[in-house]
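Down below is the structure, laid out as structure tokens.
Just so it is clear, the values below take in all heavy atoms, side chains as well, and ignore hydrogens, waters and symmetry mates. The sequence lines fix the lettering, A, B, ..., with proteins before strands; numbering per chain opens at 1.
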Amino acid sequence: MTQLQTLTQRADFLRAARARRAPVPAFLVQARRRCESEGVDPQAIRVGFTCSKKVGNAVARNRAKRRLREVARAILPLEGRPGWDYVLIGKAGDTAAQPMETMRADLSRALRKLHR
RNA sequence: GCGGAGGGCCGGAUGGCCGCGGGGGGCAUCCCCCGAGGAAAGUCCGGACUCCCUGAAGCAACGGUGCCGGGUAACGCCCGGGCGGAGCAAUCCGACGGACAGCGCCACAGAAAAGAAACCGCCCCGUGCGCGGGGUAAGGGUGAAACGGUGGGGUAAGAGCCCACCGCGGGACUGGCAACAGGACCGGCACGGCAAGCCCCACCGGGAGCAAUGCCAAAUAGGGACCUCGCGUGCGCGUCACAGGGCCGCUUCAGCCCGAGGGGUCCGGGUUGGCAGCAAGAGCCCGCGGGCAAUCGCGGGCCGAGACGAAUGGUCAUCGAACCGGGGGCGACCCCGGGGAACAGGAUCCGGCUUACAGGCCCUCCGCGCAU
RNA sequence: GCGGGUAUGGUGUAAUGGUAGCGCCCUAGCCUUCCAAGCUAGUCGUGCGGGUUCGAUUCCCGCUACCCGCU
């Protein structure tokens with residue numbers, strides 16, 4: 001199993017935003033394969049989380065990010081691909097309300113779609 | 001029992017498994033401990049702590065505060081008191097200094113909106129009956145606001161013109177630390193409102209903010225600081241005197257620097273990363289004592305987050321408030337099923353204020369009704 | 001973290017403390033064979049809650065939303 005790394009640089013988020021994306025009811029997934037020139041470990045899977053002010057106040061944003069992290073922790077080490085960056089974006093309401101089982105299944109389906 | 005007023009507190013609970021942030025022990029897997037709030041929020045005030053600015057005093061400008069006393073590190077906060085207003089009351093509310101320092105404004109209406117004046121009136125005199133001269137401010141109406149009110153005397157008609165009471169102004173003296181209250185006696189009606197208009201008075205205030213600031217490492221580019229030799233004008237050529245300019249907005253005093261370039265030494269600034277700041281504090285709990293209280297003193301005990309794309313989640317079980325449906329009971333209430341918890345999360349820290357908050361608990365007090 | 005500004009009909013904007021105007025839009029009528037233009041009339045408003053004042057869009061306080069700086 002590959003260890004997950006967390007995205008922290010704004011530039012990484014901007015590059016991911018220009019890449020492929022897949023919407024599901026509870027959130028939006030962006031994914032891209034990194035270039036060799038970026039100097040990151042080619043075996044690493046990296047993931048970032050974004051919840052804008054549209055999601056709600058600080059409590060709602062933190063709760064949405066925690067649920068996204070839980071989903072990523074369960075699915076990405078098994079179904080994510082080494083050398084790729086993923087960004088999960090929270091939505092107002094749905095990210096906090098959807099059942100976890102549904103969210104895990106949605107992420108699996110979104111990953112299959114993005115890897116094609 | 002019904003209605004109301006004030007204050008304090010809680011604000012889902014317990015456990016299993018998989019995970020998250022920090023600390024400690026082993027340092028091989030692993031084990032142990034700790035881990036959001038009363039508002040953590042808004043950033044509206046006050047500080048601590050750092051760095052920056054030559055210093056002191058006065059003045060000016062700008063901003064803030066504004067009844068009195070106390071508390072406090074400080075405050076625009078809190079407590080107590082005074083005054084005014086609301087309420088039957090408990091109690092609540094109040095930007096509550098100054099309108100004889102000056103300026104300004106008071107629309108419309110009205111004769112007149114502020115050193116008073118006189119539209120309709122009333123009265124007297126003159127008269128050529130059109131009115132003219134004079135007295136007056138009781139009556140009329142306007143307005144948010146009209147230059148004391150009521151009654152009597154008085155008068156040509158009237159008027160604090162005079163008198164009584166009320167109001168108003170001054171006020172010896174008394175009580176109180178004070179705000180203020182009472183008030184002998186005097187005056188004889190003058191002194192409209194607005195300072196959340198400018199302003200005056202008293203008091204307070206330097207600027208920036210933990211992304212402050214300090215240290216370390218890497219890589220990059222060529223600006224500043226210090227030391228040394230030396231320097232303006234005058235003459236009687238000296239360890240002399242005299243300027244000039246600059247350093248807080250202004251003034252005074254004190255102090256400092258520049259004014260000539262050459263040589264040498266050292267470092268700043270921007271970028272990225274790490275460490276410190278960074279959590280034992282105006283701290284919390286208990287007891288005793290002072291004080292009406294805010295709060296203060298003493299003694300004992302405790303350690304309760306420290307991240308930096310930023311930690312509390314997922315799942316299961318048990319219990320569970322509001323609320324909904326059904327049933328029983330005169331009623332308080334009880335039983336069954338459903339349901340599944342408000343506002344909201346640290347980012348240097350602390351004291352306040354303000355705003356948001358489902359529901360529940362406790363204490364004290366007031367009014368009305370009933371019973372004794 | 002520190003600070004500033006704005007909010008007025010559907011829209012863009014005015015208003016020394018004294019009746020909230022103006023252009024476009026919309027509705028109706030006139031004009032025209034019809035449409036457009038033009039003319040006439042009309043509807044629609046001070047972000048919210050308090051306070052000062054006789055009277056508040058304006059002055060003061062507290063919220064809400066949006067926008068903009070600095071670090």
Throw together a table of side-chain donor-acceptor distances under 3.5 angstrom for residues 66-78 of chain A, partners on residues two or more places apart or in other chains.
| unit_1 | atom_1 | unit_2 | atom_2 | d |
| --- | --- | --- | --- | --- |
| A:Arg67 | NE | A:Thr95 | O | 2.9 |
| A:Arg67 | NH2 | A:Gln98 | O | 2.3 |
| A:Glu70 | OE2 | A:Arg73 | NH2 | 3.1 |

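- Applying the 90° criterion around 0 to the glycosidic angle, C:G38 comes out anti.
- The shortest distance between the side-chain N/O atoms of A:Arg63 and the OP1/OP2 oxygens of B:G345 is not below 4.0 Å.
- A salt bridge is absent between A:Arg15 and A:Asp85; no separation between the charged side-chain nitrogens and carboxylate oxygens falls under 4.0 Å.
- Taking only side-chain nitrogens and oxygens, A:Arg66 comes nearer than 4.0 Å to OP1 or OP2 of B:U312.
- Rounded to whole Å, the separation between the P atoms of B:G274 and B:C250 comes to 48 Å.
- Mapping A:Lys65 and A:Glu70 onto RNA chain B by nearest heavy atom places A:Lys65 closer to the 5' end of the strand.
- Taking a pair to require two hydrogen-bonding distances under 3.5 Å in either a Watson-Crick or a G-U wobble arrangement, C:A7 pairs with C:U64.
- Pairing partner, B:A164: B:U150, with both Watson-Crick or wobble hydrogen-bond distances short of 3.5 Å.
- B:G304 has its base syn relative to the sugar, with a glycosidic angle deviating from 0 by at most 90°.
- Set against B:G313, B:G314, B:G345, the side chain of A:Asn57 has B:G345 as its closest nucleotide.
- Among the nucleotides B:A310, B:U315, B:A344, the one closest to any side-chain atom of A:Met100 is B:U315.
- Salt-bridge annotation for A:Asp94 and A:Lys91: absent, with no side-chain N of the basic residue lying under 4.0 Å from a carboxylate O of the acidic one.
- Across B:C275 and B:G309, the matching P atoms stand 12 Å from one another, rounded to whole Å.
- B:C122: Watson-Crick or G-U partner is B:G135, with both key distances under 3.5 Å.
- Put simply, CD1 on A:Ile89 is 18 Å from P on B:G309, counting in whole angstrom units.
- A glycosidic torsion no more than 90° from 0 defines the syn conformation; B:U213 lies beyond that range and is anti.
- The main-chain N or O of A:Arg104 is never found under 3.5 Å from a side-chain atom of A:Arg109 such that the two would form a donor-acceptor pair.
- The separation between A:Met103 atom CE and B:G313 atom C1' is 11 Å, rounded to whole Å.
- A close approach under 4.0 Å does occur between a side-chain nitrogen or oxygen of A:Arg67 and OP1 or OP2 of B:G314.
- The glycosidic torsion of B:A184 lies more than 90° away from 0, placing the base in the anti range.
- Glycosidic conformation of B:G130: syn, with the torsion inside 90° of 0.
- With RNA chain B read from its 5' end, the first of the two nearest nucleotides for A:Pro99 and A:Ala58 is the one closest to A:Pro99.
- Put simply, A:Phe49 does not rest on the base of B:G309: the two rings are not both less than 5.5 Å apart at their centres and under 30° in tilt.
- Annotation for A:Ala44 and A:Gln5: closest pair CB-NE2, 3.8 Å, computed over non-hydrogen atoms.
- When both distances must be under 3.5 Å, the Watson-Crick or G-U wobble mate of C:U19 does not exist.
- As judged by a 4.0 angstrom heavy-atom cut-off over every strand, A:Asn62 is placed among the base-contacting residues.
- Pairing partner, B:A144: none, since no Watson-Crick or wobble contact has both distances short of 3.5 Å.
- Rounded to whole Å, the distance from CZ on A:Arg104 to P on B:C18 is 16 Å.
- Pairing for B:G273 goes to B:C216, judged as Watson-Crick or G-U wobble with the two contacts each under 3.5 Å.
- As the counterpart of B:G26, no nucleotide is assigned, since no Watson-Crick or G-U wobble pattern has both distances under 3.5 Å.
- Summarising the geometry, the separation between CZ on A:Arg73 and C1' on B:U315 is reported as 11 Å, rounded to the nearest angstrom.
- Applying the side chain to side chain donor-acceptor pair (under 3.5 Å) test to residues at least two apart or on different chains, none of the pairs has a partner in residues 16-29 of chain A.
- Partner assigned to B:C267 is B:G223, using Watson-Crick or G-U wobble distances below 3.5 angstrom.
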